[in-house]
Structures are given as C-alpha cells and as structure tokens.
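Each remark here refers to the structure printed beneath this line.
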Amino acid sequence: MSSATDDLSRTPTPDPAEDNAYFPSPYSLSQYTAPKTNFDGVRHKGAYTGDKKVLMIAAAERYVLTQNGKMFSTGNHPVEMLLPAHHLMEAGFDVDVATVGGYPAKLELWAMPEEDEAVMATYEALKPKLKAPKDLADVVADDLGEDSDYAAVFIPGGHGAVVGLPTSEDVTKTLDWALGNDKFVITLCHGPASLLAASLGKEESPFKGYEVCVFPDSLDEGPNLDIGYLPGRLQWLVAGLLREQGVNVINDDMTGKTHRDRKLLTGDSPLASNSLGLLAADALVEELQTKG
C-alpha cells in the first residue's frame with residue numbers, strides 16, 4: 001500500500017521567476033524537509049560576554065546551471081544557515097553577514113522549518129543583515145588582520161554555495177586570514193565547496209590533508225535526480241573536487257555526521273546542522289574562555 005507522499009510528483013516544479021528554472025519536486029520536498037528540526041536546546045546560553053564575532057559568508061546566487069541547461073532554484077539552505085547561527089548567537093557571539101559583491105543573501109525558503117521556534121527567531125534576527133549584507137571585499141580590506149573582531153568564519157550549505165564562492169578571490173583571502181591567524185572555519189553540506197577557493201594562486205590547497213564531511217556526490221548523481229530534487233546533473237561535484245585537491249572526505253552517506261580537524265569544523269548535510277552548531281559553540285566558547 002502506498003503512502004500519501006508516494007503519490008506526490010517527482011517532477012521538479014517550475015520557478016516562474018526565471019526561464020527554464022526549477023524548484024525541487026513535491027515528492028523530494030516531502031523527503032528532505034520538515035516543519036521542525038531536531039533542535040533540543042543550547043549548551044552555552046550567554047557563556048561568552050566578549051566582543052568577538054562570527055563572519056558568515058552567505059551565497060548571493062539563486063540559480064545553479066545544470067548540464068542539461070535547466071537551472072536549479074537554490075541559495076542558502078535555511079536550516080544549515082540558521083541553526084548553527086542560533087547556537088553561536090545564543091552563546092553570545094554576534095554574527096555579521098557578508099556576500100560576494102554585497103548582494104542580498106538568497107535562501108531556499110521551500111526548506112524553511114516554519115514551526116521551529118529557534119530557527120524562525122534566528123531568521124528574524126538576521127533578516128536585516130541577510131537583506132543588506134556587508135560586501136566581502138570590504139570585510140577583507142577593513143576588518144581582517146591579527147586584531148580582527150572575528151573569531152570564526154561560517155559558510156552555510158545549500159547548492160548556492162557552489163556558485164561564486166569557490167572562485168572568489170575574497171573568499172580565498174578570508175580563508176588565508178583564518179588559517180594564518182588560527183581562526184575557526186565552520187561549514188557544512190555544499191558549503192565546503194568554498195574551501196576550493198583556498199587553492200587559488202597556490203601550488204596546492206592549504207587544506208590538503210584535512211579531514212572533512214561534505215554532502216555525498218553519490219546523492220547529487222543519483223537519488224537527487226531520481227526524485228526530482230535537482231532538475232539536471234551538476235556541472236561538477238563538491239566532494240570529488242575536494243578529493244582532487246588532497247582533502248580527505250570522510251563520509252560517503254548522509255547521516256548528520258560532523259567532524260573537527262584542527263580549526264576546521266564540518267558537517268555532512270542539513271541533518272548535521274544542530275550537531276555542528278553545538279560543536280561550533282563548544283569550540284569557540286572553550287577557546288575564548290581559555291584565552292581569557
């Protein structure tokens with residue numbers, strides 16, 4: 001006997017805002033989205049009272065062109081952005097938002113868990129910054145250095161992260177700063193595509209030898225096409241290119257896995273959002289309390 005979701009269409013839904021662009025199919029959304037997350041509380045409410053902040057680099061691109069000429073209507077995944085941010089903000093860290101070019105951050109609102117109070121409260125708190133973010137080039141020029149106010153760089157997931165961020169020189173400079181000044185880099189799902197920018201202008205990636213969790217290529221090449229989440233094959237695959245640069249991808253499935261390697265904190269998918277937020281808050285609070 002089939003369930004109600006089995007009868008939903010697996011054909012991607014047209015996005016009327018752009019020619020040949022598509023949202024995920026109704027069936028795929030029934031499998032990948034939910035009205036609430038697995039958030040069950042924070043561990044460090046108000047633990048940090050200093051002035052260090054977190055720099056979020058959000059995707060400003062809405063569309064990903066696939067191999068068949070169709071475009072995927074995407075952006076930042078709201079759970080992957082807002083749930084880690086919630087843990088950091090509740091711990092006491094202000095979050096600044098920057099994008100390449102200073103254009104508004106784009107969100108996959110079709111994945112917004114509208115009954116999740118923590119996520120929705122964080123969305124409302126960050127919405128003005130998402131609509132009018134800093135230009136990452138200005139942040140690089142004015143706000144990064146040995147005495148920077150930023151303790152970490154956070155790059156959310158969502159397929160929007162594969163457009164612009166991996167080829168941005170300003171992302172390169174931000175990651176160079178983070179590595180050179182022993183700052184945390186936090187990212188998940190397709191967000192680790194941004195780590196590809198670290199190799200620009202270098203003989204090899206400074207993340208070579210690091211272990212990371214990332215969204216499995218096998219899902220973007222198989223089930224995400226079969227169930228109509230994507231309207232076509234991606235031009236390239238995140239985990240595959242990271243492996244080519246010598247980065248060790250330690251997951252091949254989507255289970256909510258997180259991992260820390262030195263100051264790099266990663267998660268495999270939206271399922272990792274809550275755990276990554278807890279891990280990031282643990283790491284930042286411990287580090288900054290130790291430094292006094």
Side-chain angles (χ1 to χ4, degrees), residues 36-58 76-98 105 107 112-113 115-130 133-134 139 143-144 146-158 174-175 177-179 181-189 191-192 194 212-213 256-292:
K36 289 186 177 181
T37 72
N38 64 338
F39 174 76
D40 60 357
V42 299
R43 275 204 288 261
H44 300 286
K45 178 73 173 178
Y48 179 68
T49 57
D51 57 4
K52 291 296 183 182
K53 301 186 290 184
V54 173
L55 173 63
M56 178 197 296
I57 302 177
N76 300 274
H77 192 289
V79 175
E80 296 170 10
M81 169 188 279
L82 298 169
L83 197 43
H86 180 77
H87 283 283
L88 293 166
M89 292 164 65
E90 286 292 290
F93 298 96
D94 192 17
V95 174
D96 284 346
V97 180
L107 271 73
M112 183 70 78
E115 296 178 16
D116 193 295
E117 294 181 4
V119 170
M120 295 307 295
T122 304
Y123 180 43
E124 290 303 318
L126 287 178
K127 190 181 290 186
K129 296 181 180 181
L130 296 170
K134 296 175 178 287
V139 175
D143 300 323
L144 300 185
E146 292 183 5
D147 298 323
S148 175
D149 290 336
Y150 295 118
V153 178
F154 170 42
I155 306 172
T174 303
L175 294 173
W177 165 81
L179 289 166
N181 290 275
D182 200 31
K183 305 297 183 180
F184 286 97
V185 175
I186 307 157
T187 187
L188 72 166
C189 200
S194 60
V212 302
C213 294
K257 184 180 181 67
T258 61
H259 188 67
R260 174 176 178 172
D261 187 340
R262 286 156 274 190
K263 292 293 183 68
L264 178 62
L265 313 180
T266 56
D268 67 12
S269 68
L271 301 178
S273 301
N274 189 56
S275 294
L276 185 65
L278 289 166
L279 178 64
D282 285 347
L284 266 69
V285 168
E286 179 182 3
E287 168 101 352
L288 294 171
Q289 285 182 341
T290 299
K291 288 184 176 179

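Counting begins at 1 with the first residue of the sequence.
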Starting at [atom1] of [X], measure out to [atom2] of [Y] and round the result to the nearest 0.5 Å.
| X | Y | atom1 | atom2 | result |
| --- | --- | --- | --- | --- |
| I155 | T174 | CD1 | OG1 | 8.0 Å |
| E115 | M120 | CD | CE | 10.5 Å |
| R260 | T266 | CZ | OG1 | 11.5 Å |
| L188 | L83 | CG | CG | 9.5 Å |
| L264 | L179 | CG | CG | 8.5 Å |
| F93 | L88 | CZ | CG | 7.0 Å |

Applying side chain to side chain contact (heavy atoms under 4.5 Å, CB included), can you list everything that pairs with [X], at least two apart in sequence or on another chain?
| X | answer |
| --- | --- |
| E286 | T290 |
| P133 | V97, T99 |
| P84 | F154, S273 |
| A152 | V54, F184, I186, L284 |

Shortest non-hydrogen contact from [X] to [Y]?
| X | Y | value |
| --- | --- | --- |
| T258 | S275 | CG2-CB, 3.8 Å |
| P156 | I57 | CD-O, 3.3 Å |
| A272 | G267 | CB-CA, 3.8 Å |
| K52 | A151 | CB-CB, 4.0 Å |
| A47 | Q289 | O-NE2, 3.5 Å |
| V119 | P113 | CG1-CG, 3.8 Å |

Partners passing side chain to side chain donor-acceptor pair (under 3.5 Å) against [X] (at least two apart in sequence or in another chain):
| X | answer |
| --- | --- |
| D147 | none |
| E146 | none |
| S269 | none |
| T37 | D116 |

Exercise. Do S148 side-chain atoms and D143 backbone N/O form a donor-acceptor pair below 3.5 Å?
Worked result: yes

Exercise. Hey, does D261 have a side-chain heavy atom less than 4.5 Å from the side chain of V212?
Worked result: no

For this session: Keeping to residues at least two apart or across chains, list the salt bridge (Lys or Arg N to Asp or Glu O under 4.0 Å) pairs with something in residues 263-278.
Result: D182-K263, K263-E287

For this session: Apply salt bridge (Lys or Arg N to Asp or Glu O under 4.0 Å) to R43 and list each qualifying residue two or more places apart in sequence or on a separate chain.
Result: D282

Problem set entry | Residue pairs passing the side-chain hydrogen bond (donor to acceptor under 3.5 Å, both in side chains) test where at least one lies in residues 84-97, sequence neighbours excluded | K45-E90, K53-D96, H86-T122, H87-N274, D94-K129, D96-Y150

Exercise. For atom NZ of K127, is the number of surrounding heavy atoms from other residues, nucleotides or ligands below 6.0 Å larger than 12?
Worked result: yes

